[in-house]
2 protein chains.
Amino acid sequence: MSESTTGRRKNLSHKITELLAEEILSGKLPPGSRLLPERELSVRFGTNRNTLREAIRNLENLHLVSARQGDGMKVLDWTRQGEVTLLPWFLQHTRDLEASRKVVEDFLRLRRLMVVDVCGRLAETAGREELNAVLELVRSQRGNLGNPEQLVRTDLDIMLGLMRAAHRMAYLWSFNTMVRLYVNAVFSFPDLWVFVPGYVDSLESVLLAALDGDSSTAASRMDRHLRESDRLIMEAVRNFQTLLE
Amino acid sequence: MSESTTGRRKNLSHKITELLAEEILSGKLPPGSRLLPERELSVRFGTNRNTLREAIRNLENLHLVSARQGDGMKVLDWTRQGEVTLLPWFLQHTRDLEASRKVVEDFLRLRRLMVVDVCGRLAETAGREELNAVLELVRSQRGNLGNPEQLVRTDLDIMLGLMRAAHRMAYLWSFNTMVRLYVNAVFSFPDLWVFVPGYVDSLESVLLAALDGDSSTAASRMDRHLRESDRLIMEAVRNFQTLLE
DNA sequence: AAGAATTTGTCCGTATGTATG
DNA sequence: TCATACATACGGACAAATTCT
């Protein structure tokens, strides 16, 4: 399912995955309902069993359906059993604006928790060179103020840089997964490219505190920064959703 | 890759995935090195191209390798670009005990961050019936004190129950992913089935605070509980690793 | 600059195994 | 016991992208 995060050309099985995911996430195929057998589905979509099975496997990886040998395929209760990779699919196919707003809100909140936690031990885990490298990245943002897309892109790099600097692989890998899910969404909606006033100064002060050996100050500054940033983003989301109605 | 989380029989492509992952994670195939072409690899593993491509796709999903049409396949810098799903693979194939210890530590820490955060708004987001259901689950643990495996299993259910009760899909789905990665590891090592003294009382007091409308007390209690629990688990990990040396 | 060689991407058809009801 | 339905594996053909000559 890395196709959903990269911008690659879509193959047939991916298109079928989207069609079936749409039917499931929109409620047309509710949890518990059974899918047609593979052979019949492959006829319905005008393809062969192998290609269709590709699509089924994608749906299984999203925990949208489960297939049992000898039995058949049924739709799972994805609201309870879904995987994190389901997030972009959900946002794309649901028509429940309130639910998708909550998903974005929680997603930002998770990001904040992780980043702030990492900042809280930055001085102990990161080397000065690494911190300086991120600081330089932050300062380079002054030159990007006229280029929103570059601003967003570098902002993600800064967060990733902090994760890398902290040398916590589990955090970095979890963050990688989240960022990859997020990046497509954020680049699809320029309306959400929102930055707080004093953006560069805020982040700069975080790095300076860390370089000063004061992790807890770094953490509290990052917390304040992200809370404000997330608040603006959620405001933008609401405005954007209002336009859709 | 759901095969790695479920206990299904391993097919050929999965075995090939493990062989190649082992070579990569052990450093035999370092980042930047190129893999043999698909056709040659399929011969080397005594299979056909399609089955081998299955394995390659698994490695791509783990962000261990990338394949480019017309070019070839190369090993990625997985320490920087790995996905969260790489965690169990890393733990299984690395021989770096210190690194794997840190991974487990961070994993537990992530769990704590998420669970505590959810507890911090439990009274506002969860219904009384849901909280009572989790409370009942907690109390049922008294009857499982002689059955460690059931204790572990229900402990996971309690955490998942809290996530569900809070009605935050992004949290629940992220947590689902983490739990599924964790569950195999934890059930493979009974040495790590460690529970703090007063386990049931601790969790009970969390739920009672939430039912009392006091989310912040619930959160701080859960924080204390998980810090102590994680500390014991890490101690068990260290003891276990000492035996391996 | 053009074309040949190499390599992955996509899709199809088929045969056989295995779990389920 | 038997039919059904998914699971696995193999082989082949052609398309598309890249690299090299």
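Only heavy atoms go into these numbers, but all of them, side chains included; no hydrogens, no water, no symmetry mates. Lettering follows sequence order; numbering is per chain, from 1.
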Test of ring centre spacing under 6.0 Å for Y171(A) and F175(A): no
Bracket string, DNA chain C, 5' to 3' - pairs by Watson-Crick or G-U geometry under 3.5 Å, | interstrand: .||||||||||||||||||||
To the nearest Å, how far apart are [X] [atom1] and [N] [atom2]?
X	N	atom1	atom2	result
R49(B)	dG11(D)	CZ	P	13 Å
D71(B)	dG9(C)	CG	P	10 Å
L52(B)	dG12(D)	CG	P	16 Å
R34(A)	dT4(D)	CZ	C1'	12 Å
N11(B)	dT18(C)	CG	C1'	14 Å
E54(B)	dT8(C)	CD	C1'	15 Å
E38(B)	dT10(C)	CD	C1'	11 Å
F45(A)	dC12(C)	CZ	C1'	18 Å

Sugar-phosphate only, base, or nothing, as touched by I56(A) at under 4.0 Å among non-hydrogen atoms: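 Contact class for I56(A): none.
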Touch class at under 4.0 angstrom, heavy-atom based, for N48(B) against every strand present: base
Evaluate the side-chain proximity of [Y] to [X]: yes if any heavy-atom separation is below 4.5 Å, no if none is.
X	Y	value
P30(B)	V75(B)	no
E18(A)	Q92(A)	yes
H167(A)	E130(A)	yes

With no hydrogens and no angle check, just 3.5 Å: does a side-chain donor-acceptor pair link [X] and [Y]?
X	Y	result
T79(A)	D77(A)	yes
E136(A)	S140(A)	no
Q81(B)	H63(B)	no
N132(A)	E129(A)	no

What nucleotide among [options] has an atom nearest to a side-chain atom of [X]?
X	options	value
R39(A)	dT19(D), dA5(D), dT8(C)	dA5(D)
R68(B)	dC12(C), dT19(D), dC6(D)	dT19(D)
N50(B)	dG11(D), dT19(D), dC6(D)	dG11(D)
A67(A)	dG9(C), dT19(D), dC6(D)	dC6(D)
T51(A)	dT8(C), dA7(D), dC12(C)	dC12(C)
L12(B)	dC10(D), dC12(C), dT20(C)	dC10(D)
R53(B)	dT10(C), dT7(C), dC6(D)	dT10(C)

S13(B) side chain near dT8(D) phosphate (N/O to OP1/OP2, under 4.0 Å): no
N/O donor-acceptor pair, side chain Q69(A) with base dG17(C), under 3.5 angstrom: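 Such a pair exists between side chain and base.
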